[in-house]
Number of protein chains: 2
Amino acid sequence: MQETEADFLQIYDRRDYLSPLVTVDAAIFTFHNGELFVLLTKRSEHPEKDKWALPGGFVDETKDTSIEDTVQRKLKEKTGIEAPYVEQLQTVGNNIRDTRGWSVTVIYTALVAFQDCQSYVENISEASWILYSEAISMDVAFDHREIMQAARERLKQKALYSMIPAYALPEEFTLPELQACLEVLIDKPIQKKSFRRRIEQANLVEEVGQRPASGKGRPSTSYKLKANAKGFNFIRNLEA
Amino acid sequence: MQETEADFLQIYDRRDYLSPLVTVDAAIFTFHNGELFVLLTKRSEHPEKDKWALPGGFVDETKDTSIEDTVQRKLKEKTGIEAPYVEQLQTVGNNIRDTRGWSVTVIYTALVAFQDCQSYVENISEASWILYSEAISMDVAFDHREIMQAARERLKQKALYSMIPAYALPEEFTLPELQACLEVLIDKPIQKKSFRRRIEQANLVEEVGQRPASGKGRPSTSYKLKANAKGFNFIRNLEA
DNA sequence: ACAATAGTGTCTGTTAGACAGTATTAT
DNA sequence: ATAATACTGTCTAACAGACACTATTGT
C-alpha cells in the first residue's frame with residue numbers, strides 16, 4: 001500500500017534531523033549631520049559576548065510566521081519604528097562563521113530616518129548609532145564586518161538608480177538634504193542640476209511647503225515622496 | 001566567576017534548540033531553439049511526492065562547508081557541469097511553504113549552456129528541461145512557481161544591463177545567437193545596432209574565428225567573453 | 001539573380017556632466 | 001551690500017532607438 005503525505009507527516013518529526021542554526025540580521029543605516037551611521041548592538045550573551053554586532057537573532061517560531069516577521073520584530077525592538085525601506089540583502093551559511101557550528105543568517109538592509117528613532121535608540125542600552133567609517137574598523141562579532149560592507153555596497157549601487165536615499169531621511173525633506181544623503185551613499189559629489197532634473201522629470205516628489213528659513217541663505221522647499229517613487233528605477237545610472 | 005566562550009561552547013548543544021528546516025534550491029535556466037527552459041526534477045519522496053520541483057535539497061553537514069558548496073553539489077548532480085553563472089537570488093522562510101513546518105530555502109539562479117549538459121540531463125531520470133512558459137502553468141511543489149517567476153524576473157532585469165545572457169550559451173557564440181538569447185530573457189526585440197554597439201564599445205568579447213557557414217545566409221563570427229565581461233554592468237539600461 | 005542571414009552608417013532623442021547664471025534669505 | 005544657500009539655463013558628450021544600407025553565403 002502507498003504511503004500518503006498524511007501518513008508521512010504523521011511519522012515525521014523535525015527534531016529527528018539536525019538543521020543549521022538560523023538567524024536574521026539587519027544592517028540598519030541612517031544619515032545624520034552629513035555622515036552615514038549603522039546601528040550596532042552590544043552582545044550580552046555568548047558567543048562573541050561583549051562585542052558589537054548587527055541587531056538580529058533567532059526566528060521565534062511562536063511569534064514569527066515568516067522571516068520578514070522576524071526582521072520587523074527585531075527592527076522594532078532596536079529602533080522603535082517600522083523602517084520605510086527594508087530589503088533582503090543576502091544569506092550567508094557555513095560552518096565557520098559561528099563557533100556553535102553550521103549557521104545560516106538571512107541578512108536584511110534597512111534605511112531609517114535618524115530623527116524618527118533618535119530618542120528611542122538613545123534610551124535603550126543595547127543599541128547605538130555608530131559612524132559607518134568607524135564601525136568597519138571595529139572588532140565586530142562573527143562576519144558582521146563583511147556583512148556591513150556588502151550592505152554598504154548594495155546601498156551605493158541602488159542609490160545610483162533609485163530613490164532609496166530618501167528613506168534615510170524624514171518623510172518630509174528638502175532637495176539639498178536628499179542630495180547630501182545621496183552623495184554620502186554613493187561617496188561622490190554630483191551636480192545639483194543633474195540631481196534635480198532626474199527627480200523632476202521622473203515626477204517622484206511632491207511639494208509640501210516652504211521650509212521655515214531655519215538658517216543662513218535662501219530657504220528650501222520641502223517635498224515628500226510620491227507613491228510612484230517606491231520601487232522606481234531610473235533607466236540610466238549616475239556615474240559610479 | 002565569569003563564564004568564558006569556551007565554557008559556553010562546552011555546554012552548548014545545537015540539538016537542544018529547534019531550528020527551521022534549511023534547504024537550498026536552484027532555478028537553473030538555459031536557452032535553446034529560441035526558447036527559455038528551466039530545469040525541474042520529479043520529487044521521489046514526501047512531501048509533495050511526484051510533483052515537479054526545482055532541484056535542491058538539504059545542506060549536508062558532512063559534505064558541505066557552506067551553502068555555496070551545497071548549491072554547487074546539487075548543480076553538478078543535476079546537470080553534470082559547473083554552471084558559469086550562479087547567483088543567490090533570495091531566501092524564503094515561513095511556516096506555511098512546507099507541510100513539515102518552519103522552513104527556510106536559500107534560492108539560487110543559474111544559467112548554463114544547453115549543449116554542455118544536454119546529454120547528461122537526457123540520461124538521468126530525475127531531471128528535465130521544461131519550457132519556462134509551460135513550467136509556470138504546471139502544478140509544481142511548494143512555492144516553486146513563485147520562485148521561478150522571481151528568478152525569471154531577476155534574469156530579465158540583469159539582462160538589461162549585463163552580459164549574463166552569454167552564460168546561457170556555449171563558451172563560443174555568435175552575436176546573433178547572443179542577441180536572440182537576450183531578447184528571450186528580456187522578452188522584447190532589440191535593435192541589432194544598439195546591441196552590437198554596446199558590446200563593442202565596452203570591449204566585452206573577443207573574436208575566435210568564423211562559424212563554418214552552417215546554414216543559409218552569411219556566416220557569423222564566433223566570439224567568447226573577455227575576462228572583464230564577468231561582473232560588467234552597462235551604465236545605461238536597455239528599455240524594459 | 002534571389003533569398004537569407006550578418007553586419008554597418010547615420011540620424012534622432014534622451015539624459016547626465018559641467019558650469020555659469022539668477023533668486024531669496026539673514027546680517 | 002555681502003555672504004550664504006537655493007535653484008535655473010544651457011551647452012556638450014554619451015549612448016540607445018530607428019531604420020536604411022551594404023556584405024557574404026547557399027541555391
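Proteins come first, then strands; the chains are lettered A, B, ... in the order of their sequence lines, and each starts at number 1.
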Pairwise salt bridge (charged side-chain N to carboxylate O under 4.0 Å, His left out) hits with a residue in [range], at least two apart:
range	value
residues 123-136 of chain A	K78(A)-E126(A)
residues 183-201 of chain B	K188(B)-E239(B)
residues 164-175 of chain A	none
residues 66-75 of chain A	D64(A)-R73(A), R73(A)-E77(A), K74(A)-E77(A)

Worksheet item: Looking at residues 178-195 of chain A, who's got a heavy atom less than 4.0 Å off DNA chain C?
Response: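 Contacts with DNA chain C under 4.0 Å: Q191(A), K193(A), S194(A).
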**Relative orientation of the end axes in the helix from dA1(C)-dT27(D) to dT27(C)-dA1(D), expressed as an angle to the nearest 10° (five pairs per end)** =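 Answer rounded to 10°: the end axes differ by 10°.
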message = So, using salt bridge (Lys or Arg N to Asp or Glu O under 4.0 Å) as the criterion, who are the partners of E146(B) when residues are at least two apart?
response =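 With sequence neighbours excluded, E146(B) shows a salt bridge (Lys or Arg N to Asp or Glu O under 4.0 Å) to no residue whatsoever.
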Tell me, which of [range] have any heavy atom that sits under 4.0 Å from an atom in DNA chain D?
range	result
residues 197-209 of chain B	R197(B), R198(B), Q201(B)
residues 153-163 of chain B	none
residues 230-240 of chain B	R236(B), L238(B), E239(B)

query: Can you find a pair of side-chain heavy atoms, one from I81(B) and one from K76(B), that are under 4.5 Å apart?
result: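 Not touching, per the 4.5 Å side-chain cut-off.
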Nearest-nucleotide pick for R218(B), side chain only, options being dT5(D), dC7(D), dA6(C) |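 So the nucleotide nearest the side chain must be dA6(C).
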Please check the phosphate of dC7(D) (OP1 and OP2 only) for any side-chain N or O of T221(A) closer than 4.0 Å.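 Indeed, a polar side-chain atom of T221(A) lies that close.
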Could you go through residues 24-36 of chain A and list every donor-acceptor pair under 3.5 Å that involves a side-chain atom there, pairing it with any protein atom two or more places apart or in another chain?
residue, atom, partner, partner atom, Å
D25(A), OD2, T105(A), OG1, 2.7
T30(A), OG1, V112(A), O, 2.5
T30(A), OG1, F114(A), N, 3.0

Quiz prompt | Test side chain to side chain donor-acceptor pair (under 3.5 Å) applied to Y167(A) - qualifying residues, sequence neighbours left out | solution =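 None.
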